[in-house]
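This report concerns only the one structure given below.
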Amino acid sequence: MQDTFDHKQTESRWQEAWRKQHVFEVDRTTDKPKYYILEMFPYPSGTLHMGHVRNYTIGDVIARYKAARGFNVMHPMGWDAFGLPAENAAIKHKTHPSRWTYSNIAYMKRQFERMGWLFDWRREVATCAADYYKWEQLFFIQMLEKGLAYRKLSTVNWCPSCNTVLANEQVEEGRCWRCENETTTKELTQWFFKVTQYAEELLDGIDKLTGWPERVTSQQKHWIGRSDGAEILFEVADGPSKGKKIPVFTTRPDTVCGVTYLSLAPEHPLTLELATGAGRAAEVSAFAEKVRKVDKIKRTDENYEKEGVSLGVHVINPVTGAKVPLFAANFVLMDYGTGAVMAVPAHDVRDHAFAKKYGLPIKKVIEAVDLPADAPPVYVQDMAYTDHGKLLDSGEFTGLTSEEAKKKIPIWLEKKGAGRPTVNYKLRDWGLSRQRYWGAPIPIIHCDKDGAVPVPKDQLPVVLPEDVEFTGEGASPLARSEKFLNVKCPKCGGPAKRETDTMDTFVESSWYYLRYMSIPTPDKPFAAEDVKYWGPVDQYIGGVEHATMHLLYFRFFHRVLQDLGWVPAGVPREPATRLLNQGIVYKDGAKMSKSKGNVVDPDGLIERYGADTTRLFVLFAAPPEKVLEWSDAGVEGSYRFVGRVWRMVHANLSLIQDVKPWSAPHASIANPDAKKLRTKAHQTIQKVTADLDHDFRFNTAISAIMELVNEIYGFKVELNDEPSRQILRESIDTVVRLLSPFAPHLCEELWKNLGNASLLSLEPWRDHDAQAVELDVITVVVQVNGKHRANITLSKAVSKDDMAAIAARDPKVTLFLDGKELVRTVIVPGKLVNFVVK
RNA sequence: GCCGACGUGGUGGAAUUGGUAGACACGCUAGGCUUAGAACCUAGUGCCGCAAGGCGUGUGGGUUCGAGUCCCUCCGUCGGUACCA
């Protein structure tokens, strides 16, 4: 037996043992409750980074713990294998994205094993495999049939560096989420998923996601962005388009009587039409052109100068009948609301600035109410009053509160046929077309006669052609593959062309958790009975950067698949019950990244310290949801702890190897030190169990085990004191059992060296002995005027009065009581006495 | 601006319902072991003070017998989001 823990050979030996015994290969069973734990699958970029190490270590600990607690634990893993880096690598290294991807997968899978993470690899998926993506091609066609997928010409976000379209969610502050270059916009015909049809349901569902962190649910609420208000129709009063109605959306219908003009988005279809009718086409189109040229970052800067141009026509306010002028304005966005805004300069900051600039009237219709006497005057010159209040100068609505008017005015308008109450969302439909090769082909054929025709279902999958070149220039490689491109129309048989766009890779990650539930079969994506058994995901773990992308898409997709009949009725509407967002890994105060050169390579750590040390460090250094600040010294500390546990077992081996763990009643222990040790051991079981059950507080669980180890180091036992040796044995067994989810290789080795033949990873968790944690004495805190003055140890049975009396006699306490008048005595039974004196 | 999270020793971080602030670890100091070093073992380590004691959880206030914890104010950090009508 070695005298130190040799991680290099020990770890691989246990990994081999787990593989042979199929630990974590699970099937449906009724004799245990199921537990589905899922970590977001990695993009196979080449090697693991520390974020992966943290994510999957957390998942592995939970999986091992839940299994030990008697759950039927499903813990699958796969590869989010489509994406741009593979294509770039293909161009750079003159290889094929497929070859590059699969060789990365092979390497990373070895790294997974070296970390000691256990998965049911029979369920592994690689999303770039045709037998995976063929199902989403089918889902796409079914969504098309249901009207949930559609094509439209639209202004889309374009990343010139990635040469592809981006969804709104993938643009961060005007930059591409992937390459961080500035994005522009483009007019393109693109495929969309109708997420907006589920907007209300996705919003409502958030309140039921009680197991999700608030930072995610609040971000999703914000992103969906529901606004309650009204649509109001303003009729064109003059010119050739007289009588046309322009709908506006407003959240403040109570201010409608204060409208003094209307603003249209420059790209609004009516803008040019109306201007042309009024003979102002040249000026207005020049303005529209100027706005269009300004890049999006500048245009959306809140300090960007508000500008507009008159269209030369007027509209009629349907409530007051007033004729007001119409403008095109640069701050009105075509893609929110109706692209037209009623302007109330007295009560909106932007309208106010615009009105000042162009000398337009400002009409006050809201008056502040219930202001405290010392409040500053509300109508400060040059400011809009944007709060609620009481209506002024608003005809029959005068005197109502804003709240009342917001309800009444839209109903009144609806009766007159000039508007209605309505709801608006910030959420946009999900643009899923990508002008890339390495993605799932969109199963559509374009025919001059029949238009966009879905590929017949029996001809799926549409497989990516292999014989393509990757030059990085021009259109997508798919558009240059003649064999792929030229086909016959499935309807008329005439010559037709395949769709050459591929799907956004977020489509693959929107349903992989369902695919895992069934061991892959060629005839269906997953089996309904498996989804009924395993669904929903009990614990999902991943980075917070997906709060408004993946985590919204997969909630959407789950509902769609249920509505299409793939996910059986009765399975909850939400795909994941609990979500844990692990924090980012930092080093030197910044997120680890190649460009900053502050990355730590997991391979080097495993080589030098071993997987267990690495696992312990990432779990111990911070709570899982917080930023983890990398510390080389901290890793050394974890490494020392591993050695300390090893020595604790082996230094005591001769004392404990021939005794059984203590099993008699706790009260019968004669040696007080041994009794104390046993109490500590069982308190530790209780503490670690609670930490793992509640919020996965791995850091405090590990520190509790460290305390027990320190206690064992301080425990001295004689060879002839057999009961104490039994208690020592029990305590050491406890350390090994409790530590095993965190440092599984070390603990398997120690378990074996302690003389056990079983695999520790298959052993049940242990419960604490309630009698052992129950102390017969209590420590009472004594305070004087709330300040801690003494601790006294008393019998558990002591009465309230005795507690106070004994506390008052303590010399440290009398010092502060003498010569003072006792006003009051606060007694918390079994805990605390506080003397209040004057 | 708005939404969310957070602010505790030299450092990472502990502190169930308001009840011993600083567990555990890093670092540092001293001692032991060693030819020496590393490793290991033991002890100490919030600040001021010889001590008694005093002061201490971003700031200022409040509630309470008692506040890191609850309420209000302000300051700061991080994440998200934004001409959203």
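We name chains A, B, ... by the order of the sequence lines, and we start the count at 1 in each one. The model shown is predicted, which means the values in this text are computed figures rather than measured ones.
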Identify the pairs formed between an N or O of the protein and an N or O of nucleotides 13-17 of chain B at a distance under 3.5 Å, and give each distance.
from	atom 1	to	atom 2	distance (Å)
B:G13	O3'	A:N699	ND2	3.4
B:A14	OP1	A:N699	ND2	3.0
B:U17	O4	A:K831	NZ	3.1

Distance in angstrom units between [X] [atom1] and [N] [atom2], rounded:
| X | N | atom1 | atom2 | answer |
| --- | --- | --- | --- | --- |
| A:M334 | B:C84 | CE | C1' | 14 Å |
| A:D335 | B:A82 | CG | P | 11 Å |
| A:K716 | B:U42 | NZ | P | 7 Å |
| A:N791 | B:G19 | CG | C1' | 12 Å |
| A:F641 | B:C26 | CZ | C1' | 15 Å |
| A:H222 | B:C3 | NE2 | C1' | 6 Å |
| A:K221 | B:U81 | NZ | C1' | 16 Å |

Are [X] and [Y] within salt-bridge range, i.e. N to O under 4.0 Å?
| X | Y | answer |
| --- | --- | --- |
| A:E711 | A:K680 | no |
| A:D810 | A:K812 | no |
| A:E625 | A:R697 | no |

Return the nearest nucleotide to the side chain of [X]; candidates are [options].
| X | options | value |
| --- | --- | --- |
| A:W223 | B:G27, B:U20, B:A82 | B:A82 |
| A:V826 | B:C26, B:G19, B:C3 | B:G19 |
| A:Q219 | B:G80, B:U20, B:A85 | B:G80 |
| A:A633 | B:G19, B:G27, B:C3 | B:G27 |
| A:R640 | B:C26, B:A85, B:C41 | B:C26 |
| A:E214 | B:G27, B:C3, B:A5 | B:A5 |

Taking the [atom1] atom of each, how far is [N] from [M], in whole Å?
| N | M | atom1 | value |
| --- | --- | --- | --- |
| B:G4 | B:G53 | P | 47 Å |
| B:G62 | B:U8 | P | 24 Å |
| B:A51 | B:U45 | P | 13 Å |
| B:C65 | B:U16 | P | 23 Å |
| B:A52 | B:U59 | C1' | 32 Å |
| B:C78 | B:G58 | C1' | 15 Å |

*asked:* Surrounding NZ of A:K796 (heavy atoms of other residues, nucleotides or ligands, distance under 6.0 Å), is the total greater than 12?
replied: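 Result for NZ/A:K796: enclosed.
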_Neighbour count above 12 (heavy atom, 6.0 Å) for A:K407 NZ_ =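 No, NZ of A:K407 has 12 or fewer neighbouring heavy atoms, counting only those of other groups under 6.0 Å.
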*Does A:K426 make a side-chain donor-acceptor contact with the base of B:C84, cut-off 3.5 Å?*
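When only heavy-atom distances are counted, A:K426 does not reach the base of B:C84 through any donor-acceptor pair under 3.5 Å.
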Aromatic ring proximity, centroids under 6.0 angstrom, [Y] and [X]:
| X | Y | answer |
| --- | --- | --- |
| A:F617 | A:Y609 | no |
| A:W630 | A:Y586 | no |
| A:F835 | A:F816 | no |

Is there any protein nitrogen or oxygen under 3.5 Å from a nitrogen or oxygen in nucleotides 47-55 of chain B, and what are the pairs?
from	atom 1	to	atom 2	distance (Å)
B:G54	OP1	A:R789	NH2	3.4
B:G54	OP2	A:R789	NH1	3.2

Any donor-acceptor N or O pair under 3.5 Å, side chains [X], [Y]:
| X | Y | result |
| --- | --- | --- |
| A:K406 | A:H388 | yes |
| A:S227 | A:N424 | no |
| A:N791 | A:T779 | no |

Remember a base hit wins even if backbone is also touched, and classify [X] as base, sugar-phosphate or nothing at under 4.0 Å, heavy atoms.
| X | answer |
| --- | --- |
| A:V836 | sugar-phosphate |
| A:N710 | sugar-phosphate |
| A:R350 | base |
| A:S227 | sugar-phosphate |

*Taking both distances under 3.5 Å as the test for a Watson-Crick or G-U pair, what stems of at least three pairs does RNA chain B have?*
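When the pairs of RNA chain B are grouped into runs of at least three, the stems are B:1-7 with B:75-81, B:10-12 with B:24-26, B:27-32 with B:40-45, B:46-48 with B:53-55, B:60-62 with B:70-72.
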_A:I409 to A:P253 - nearest heavy-atom pair and separation_ =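 Here A:I409 and A:P253 meet closest at CD1-O, 3.6 Å.
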*What is the minimum heavy-atom distance between A:F696 and A:R578, and which atoms define it?*
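Looking at all heavy atoms of both residues, the shortest contact is CE1-NH2, 3.4 Å.
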*Would you please confirm or rule out a distance under 4.0 Å between OP1 or OP2 of B:G79 and any side-chain N or O of A:R215?*
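No, A:R215 has no side-chain N/O under 4.0 Å of OP1/OP2 on B:G79.
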*Below 4.0 angstrom from OP1 or OP2 of B:U42, is there any side-chain N or O of A:R644?*
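Affirmative; the distance criterion is met.
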*Evaluate salt bridge (charged side-chain N to carboxylate O under 4.0 Å, His left out) for A:D348 paired with A:R350, printing each intermediate quantity in order.*
CA-CA 6 Å; A:D348 179 275; A:R350 288 156 304 166; 3.1 Å; yes
_First encountered from the 5' end of RNA chain B, between A:T548 and A:G339_ =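 That would be A:T548.
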